[in-house]
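Just the heavy atoms: all of them, side chains too, but no hydrogens, waters or symmetry mates, feed the values below.
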Amino acid sequence: MSLNVLENWIILSDRSSIFLCVSPGVQAMFSQQPQDLVVVAGQPVTLPCSIPGYHGVVLWIKDGLALGVGRDLSGYPRYTVIGDHSTGEHHLRIQRVELMDDAVFECQAIQAAMRSRSARLSVLVPPEDPVIRGGPVVSLRAGDPLNLTCHADNAKPAASIIWIRNGEVLNGAMYSKTLLRDGRRESTVSTLYLSASNIETGQQIICRASNKAVPNGKETSVNIDIQHLPLVNLSVEPQPILEGNLVKFHCSAKANPPVTLYRWAKGGNVIKEVSGDTYEVIVDHSFFTEPVSCEVTNPLGSTNISRNVDVYFGPRMAAEPQSLQVDLGSDAVFNCAWTGNPSLTIVWMKRGSGVVLSNENILTLKAVRQEDAGKYVCRAVVPRVGAGEKEVSLTVNGPPTISSTQTHQALHGEKGEIKCFIRSTPPPDRIVMLESGTSGRYTVETVSTEEGVISTLTMSNIVPADFQTIYNCTAWNSFGSDTEIIRLKEQESLPVAVIIGVAVGALVAFIVLIGTIGAFCCTHLKGVVSAKNDIRVEIVHKDHNAARENEEHTAMKGQKEIQVEKEKEKDGRRQARG
């Protein structure tokens, strides 16, 4: 019922009846009137209205509209008029105030044409429980910043939001609010940004929302879960260790989310038979250079870590030296490389000599001579662990060199021999045994050995003239020649016992010689003899080839003298360099 309608109803009434609503001699007036109030939604409130001596109709007006006539407020179940009517008490009681009760109220005495002052009832609405998006656990990847958003809705007035960590307020949050359709309530949103360096896993962050309705606020929280790739440590025990012993690898990992897979490899090759966090194996030298790796996987990815083992092992050849064949006067360079652990020592020596030529991987022989030819040893030593060596050969290309006993002995009437030993690289392509006796009594045997060529001139039925003859042995190759002069001396007769012993020894020697000749498959020739390696062997007789013998003898001696001079010059240069 509107206020205007009630006023018209009063005017039409009998004025005499109006005055009957007021006690005689009493002037109607308000002893209590409603006041402005602020109340939290859900709480009860009482708006006072007291008019002593007035017995007429009292109306309560809300925002210009009457709530009912007298004490009948049946249209508003939460509203009740309370107090002693007989004493003029007409208080308005509101149970569980709601937002719709936020209005201006008046108390009116209709028959007395009085109205109270207007009273503003302000209803405060606390925010709903705040909510952090993604809670109660917020997961993020290590290294990523954290963005948290908290909203507190349907509050009057709008809620204020603060962020708290470890009892301290976090500053720097962004804040915004939105007015709802009812034009009274508001929703608030706050966003907090934290850099990766400012957060730790397991931290709890609180969002607290408050307004006048809830000064202490309402709060919620989230726990921070920082996820990361596996953090891996690979241990190796024991170290150092001698080759052939047992080693244990342990791969310890911290991961969030948890580890799902372990994978082992050595030198890049997967070890399929191992799947856990431990790998046991008997190590060899390869573990020193081929690392063992452990790859740990979780849902975010994999982490791989590798370790070499400090394995003690003896020398192992890394670069094998090669035998060389070089020309006389050239340099010879050998390269020999070893690996070993702990650090090793390398020594170069010539076989049969105790002189250390080098302690480096490379051995260089400057301007080699023929006497430099031979076996060289590259030896490596790992202290207290082991040693190893490799032998190589040096072959020097040059003119032949002949060595022989300058005087051979023989018995008159017996068989005699003259031997010359020829060292030659490349092998000799021609050997001449020069003599001046009668042809037909001579045989030449040539045997090739690892050290050189042995050329033997055998004479049957020694005659006195053989002891007066000068013999020479000459050999040629592509680099030159060499000559050796040999004489035959008559051997004195021996006692019978010695003769018998010599005979027996000769028999044994003969058997050995036959075996040797058979082994080397040598061919016995008369006149011109061809050896196994196609060396041309000649016997030159002075009585038939005197002119040729003189020319060749002269040439050979000249070449030998030149060669001797060259050797002297080279020795001088070496001494100068030394």
Review point. Is the backbone N or O of Ala373 less than 3.5 Å from a side-chain atom of Lys350, with the two atoms forming a donor-acceptor pair by type?
Key: yes
**Study point:** Nearest-0.5 Å distance, CD1 of residue Ile51 to SG of residue Cys107
**Key:** 5.0 Å
Review point. Looking only at heavy atoms, which two atoms of Asn304 and Ser293 are closest? And how far apart?
Key: OD1-CB, 3.4 Å
Review point. Val169 versus Trp163: any side-chain heavy-atom pair under 4.5 Å?
Key: no
Review point. Hey, does Val326 have a side-chain heavy atom less than 4.5 Å from the side chain of Leu394?
Key: yes
Practice item. Report the C-alpha separation of Trp348 and Val377 in whole Å, then their side-chain angles, then the decisive distance to 0.1 Å, and conclude whether the side-chain contact (heavy atoms from CB on, under 4.5 Å) test is met. Key: CA-CA 6 Å; Trp348 276 99; Val377 176; over 6 Å; no
Counting only pairs under 3.5 Å, give me each side-chain donor-acceptor contact of residues 125-133, with atom names and distances, residues two or more places apart or in other chains.
residue, atom, partner, partner atom, Å
Glu128, OE2, Asn154, ND2, 2.4

Check your understanding: If you measure from NZ on Lys254 to CG on Asn298, what distance do you get to the nearest 0.5 Å?
Key -> 15.0 Å
Practice item. State, to 0.1 Å, how close Phe30 and Ala109 come at their nearest heavy-atom pair, and which atoms those are. Key: CZ-N, 4.4 Å
Check your understanding: If you count the non-hydrogen atoms of other residues, nucleotides and ligands that lie under 6.0 Å from NZ in Lys212, is the total more than 12?
Key -> no
Point to revise | Side-chain heavy atoms of Val247 within contact of Phe287, under 4.5 Å | key: no
Check your understanding: Roughly how far, to the nearest 0.5 Å, is the CG atom of Leu37 from the OG1 atom of Thr46?
Key -> 9.0 Å
**Study point:** Shortest non-hydrogen contact from Ala159 toward Asn211
**Key:** CA-CB, 4.2 Å
Exercise for review: Kindly state each residue pair satisfying salt bridge (Lys or Arg N to Asp or Glu O under 4.0 Å) with at least one member in residues 178-196, sequence neighbours excluded.
Suggested key: Asp182-Arg185
Practice item. Start with the C-alpha distance between Val392 and Gln322, add both sets of side-chain angles, then the distance that settles side-chain contact (heavy atoms from CB on, under 4.5 Å), and finish with yes or no. Key: CA-CA 6 Å; Val392 290; Gln322 302 298 317; 5.9 Å; no
**Study point:** Heavy-atom pair of closest approach, residues Ala253 and Tyr262
**Key:** CB-OH, 4.2 Å
Review point. Between Tyr54 and Gln111, is there a donor-acceptor pair closer than 3.5 Å when you use the side chain of the first and the backbone of the second?
Key: yes
Check your understanding: With distance as the sole test, does Asp84 use its side chain to make a donor-acceptor pair with the main-chain N or O of Glu89 at under 3.5 Å?
Key -> no
Practice item. Applying side-chain contact (heavy atoms from CB on, under 4.5 Å), run through Tyr76 and Ile94 and close with a yes or a no. Key: CA-CA 9 Å; Tyr76 299 87; Ile94 304 176; over 6 Å; no
Check your understanding: Are the side chain of Asn198 and the backbone of Tyr193 linked by a donor-acceptor contact shorter than 3.5 Å?
Key -> no
Exercise for review: Starting from the C-alpha separation in whole Å, work towards a yes-or-no answer on side-chain contact (heavy atoms from CB on, under 4.5 Å) for Gln95 and Arg93.
Suggested key: CA-CA 7 Å; Gln95 300 289 340; Arg93 175 74 172 179; 3.4 Å; yes
Check your understanding: Would you say the side chain of Leu73 lies within less than 4.5 Å of the side chain of Leu92, judging by non-hydrogen atoms?
Key -> yes
Exercise for review: Determine, stepwise, if the pair Glu106 / Ser118 fulfils side chain to side chain donor-acceptor pair (under 3.5 Å).
Suggested key: CA-CA 5 Å; Glu106 289 183 2; Ser118 297; 2.8 Å; yes
Exercise for review: Nearest 0.5 Å please: distance from the OG atom of Ser306 over to the CD atom of Glu290.
Suggested key: 12.0 Å
**Study point:** Over 12 foreign heavy atoms within 6.0 Å of CD, Glu280
**Key:** yes
Check your understanding: So, does Arg165 use its side chain to make a donor-acceptor pair with the main chain of Gln203 at under 3.5 Å?
Key -> no
Review point. Are any side-chain N or O atoms of Thr260 and backbone N or O atoms of Thr297, one a donor and one an acceptor, separated by less than 3.5 Å?
Key: yes
Check your understanding: Under 4.5 Å between any side-chain heavy atoms of His228 and Thr201, yes or no?
Key -> no
**Study point:** Distance, nearest 0.5 Å, that separates CG of Asn256 from CG of Leu229
**Key:** 11.0 Å
Tell me which donor-acceptor pairs under 3.5 Å the side chains of residues 59-70 have, and how far apart each pair is, sequence neighbours excluded?
residue, atom, partner, partner atom, Å
Trp60, NE1, His90, O, 2.9
Lys62, NZ, Tyr79, OH, 3.3
Lys62, NZ, Met100, O, 2.9
Asp63, OD1, Val104, N, 2.8

Name every donor-acceptor pair, under 3.5 Å, that has one atom in a side chain of residues 135-151 and the other anywhere in the protein, sequence neighbours excluded.
residue, atom, partner, partner atom, Å
Ser139, OG, Asp225, OD2, 3.1
Arg141, NH2, Leu300, O, 3.4
His151, ND1, Asp153, OD2, 3.1

Exercise for review: Check whether any side-chain N or O of Thr80 sits under 3.5 Å from a backbone N or O of Ile82 as a donor-acceptor pair, and report yes or no.
Suggested key: no
Exercise for review: Would you confirm whether Glu389, through its side chain, and Arg379, through its main-chain N or O, come within 3.5 Å as a donor-acceptor pair?
Suggested key: no
Check your understanding: Of the non-hydrogen atoms in Lys266 and Ser286, which two are nearest, and what is the gap between them?
Key -> NZ-OG, 3.0 Å
**Study point:** Heavy atoms of other groups near Glu360 CD, more than 12 under 6.0 Å
**Key:** no
Practice item. Assess whether atom CZ of Arg263 is packed by more than 12 heavy atoms of other residues, nucleotides or ligands within 6.0 Å. Key: no
**Study point:** Val382 vs Trp338 side-chain heavy atoms within contact, under 4.5 Å
**Key:** no
Review point. Any donor and acceptor pair, going by atom type alone, linking the side chain of Ser31 with main-chain N or O of Ser50 inside 3.5 Å?
Key: yes
Check your understanding: Do Ile205 and Leu194 come within less than 4.5 Å of each other through their side chains, counting heavy atoms only?
Key -> yes
Check your understanding: Would you find a donor on one side and an acceptor on the other, under 3.5 Å apart, between the side chain of Asn359 and the backbone of Val347?
Key -> no
Revision key, fill the gap. What one should report as the nearest heavy-atom pair of Ala158 and Thr188 is CB-OG1, 3.8 Å
Point to revise | Contact check, side chains of Leu121 and Val39, non-hydrogen atoms, under 4.5 Å | key: yes
Point to revise | Which residues share a side-chain contact (heavy atoms from CB on, under 4.5 Å) with Glu243, sequence neighbours left out | key: Asp284, His285, Val311, Phe313
Review point. Which residues satisfy the ring-ring contact (aromatic ring centres under 6.0 Å, His included) test with Tyr376, sequence neighbours excluded?
Key: Phe334
Point to revise | Heavy-atom neighbours of Arg78 CZ exceed 12 at 6.0 Å | key: yes
Check your understanding: Is there a salt bridge (Lys or Arg N to Asp or Glu O under 4.0 Å) between Lys248 and Glu237 once you walk through the steps?
Key -> CA-CA 5 Å; Lys248 180 178 180 179; Glu237 294 293 339; over 6 Å; no
Revision key, fill the gap. Rounded to the nearest 0.5 Å, the NE2 atom of His250 sits from the CG atom of Asp277 at a distance of 5.0 Å
